[in-house]
Amino acid sequence: MNGKVEWKPGNMLYPLPAVLVSSKSGDGRCDVCTVAWAGTVCTNPPMIGISLRPSRQTYDFISETGVFVVNVTTEEMTHAVDYCGVRSGKNENKFETAHLTAVPAAHVDCPMIGESPVSIECVVKEKLALGSHTLFIGEVVGVHVDETYVDDTGAFHFSDVKPIVYCHGEYRGIGKALGTFGYSVRKKKNKRENSDKRRDKKEDFSKRKDNSKSSDNKTGFHGKERKRVVDKSSVNGDNIIRRIGRTGRKGTESGSLRNRRSGRGEARRG
Ligand SMILES: Cc1cc2nc3c(=O)[nH]c(=O)nc-3n(C[C@H](O)[C@H](O)[C@H](O)COP(=O)(O)O)c2cc1C
């Protein structure tokens, strides 16, 4: 009918974000776990839902403390993302084995991931057992972005982040932008002007980024020392962004990580 064949019932909603969820136990142990069953579920108050199987150590930690951090991942972090999704923190400290940097969060007692361009602190508001998975709905109490992607006007350049998604068993980049919010109804006479403005702004930012890289390589995107910038605003307002800097690590694809990934892990998804 209509050129569509009925498919077996199940999860076909892809792509999904492949995020790293960091957590801490009541007795102070830290864990990091890959989660694709994740998404924004409310704008005001800002809320994120993540679904976890009760067998995950992350499930235990979040149940104990009621807090977690959602860390957006990048193409550079793909190996770590896979690794943290096939090894349990019950047997190892994945911050160490996946070469991720634990950075203290500001509003909850839980680590953020230094390598992540965006880390979102959450406090659990609801815990719903759905079946195989339990949905934790967390209210966002703090957001941290890597200052590398913030320009002088305070704009955050997500297009430079190169985030990854999880799609039918594969990790993928997100490709080029195809439009902007509301472009389908935007008045035609403004269209050209708006796109020119956007292009100029982007070019300007890229130029500044390149200049800063060539003038001082150590402060560019790669290999720069961690720099933390003080909280810019309150968590009660719309803008709850605090900036964190890069951590001096060039990606997470270390030799030891690659070796560990060499097929011994049982790939459990979702
Ligand atoms: C791409 C990917 C996505 C995943 N998504 C989820 C998920 O949404 N929920 C979940 O419970 N497990 C998910 N997993 C599996 C966990 O990440 C995995 O079992 C991990 O080892 C649990 O770690 P922990 O025991 O340290 O918490 C996913 C794994 C991969 C590779």
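Numbering of residues begins at 1 and proceeds along the displayed sequence. For ligands, and for the atoms within them, numbers begin at 1 and follow the listed sequence.
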Checklist entry - Hey, does Ala36 come in under 3.5 Å of ligand 1, counting only N/O atoms on both sides? => result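 Looking only at distances, the answer is yes, because the N/O contact criterion of under 3.5 Å is met.
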Checklist entry - Judging by distance only, is a nitrogen or oxygen of Thr34 under 3.5 angstrom from one on ligand 1? => result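 Looking only at distances, the answer is yes, because the N/O contact criterion of under 3.5 Å is met.
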Item to check | Within residues 34-52 or reaching into it, pairs that qualify as salt bridge (Lys or Arg N to Asp or Glu O under 4.0 Å) - sequence neighbours excluded | outcome: none
Checklist entry - Who are the salt bridge (charged side-chain N to carboxylate O under 4.0 Å, His left out) partners of Glu75, not counting sequence neighbours? => result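 In terms of salt bridge (charged side-chain N to carboxylate O under 4.0 Å, His left out), with neighbours along the sequence ignored, Glu75 is linked to no residue.
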Item to check | Tyr171 near ligand 1 by a heavy-atom separation under 4.0 Å | outcome: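 A heavy atom of Tyr171 does come that close to ligand 1.
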Which part of [X] is near ligand 1, with near meaning a heavy atom under 4.0 Å away: side chain, backbone, both or neither?
| X | result |
| --- | --- |
| Lys90 | neither |
| Ala38 | neither |
| Ser51 | backbone |
| Val35 | both |

Checklist entry - Does Phe61 have its ring centroid less than 6.0 Å away from the ring centroid of Phe68? => result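 No - the distance between ring centres of Phe61 and Phe68 does not fall below the 6.0 Å cut-off.
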Item to check | Close aromatic pair by centroid cut-off 6.0 Å: His157 and Tyr149 | outcome: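 Centroid separation for His157 and Tyr149: 6.0 Å or greater.
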Taking only heavy atoms of [X] into account, list the atoms of ligand 1 that are under 4.0 Å away from them.
| X | answer |
| --- | --- |
| Cys84 | 17 (O), 20 (C), 21 (O) |
| Leu52 | 11 (O) |
| Gly89 | 24 (P), 25 (O), 26 (O) |
| Asp31 | 24 (P), 26 (O), 27 (O) |

Validation row: [X], [Y] side chains within 4.5 angstrom (heavy atoms):
| X | Y | value |
| --- | --- | --- |
| Val21 | Leu52 | no |
| Pro104 | Met112 | no |
| Val124 | Ile137 | no |

Checklist entry - With under 30° as parallel and over 60° as perpendicular, where do the rings of Tyr14 and His168 fit, or are they tilted in between? => result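 Aromatic pair Tyr14/His168 classed tilted.
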Next on the checklist: Which option wins on minimum heavy-atom distance to atom 22 (C) of ligand 1: Arg53, Glu170, Arg56?
Outcome noted: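 Closest candidate by heavy-atom distance is Arg56.
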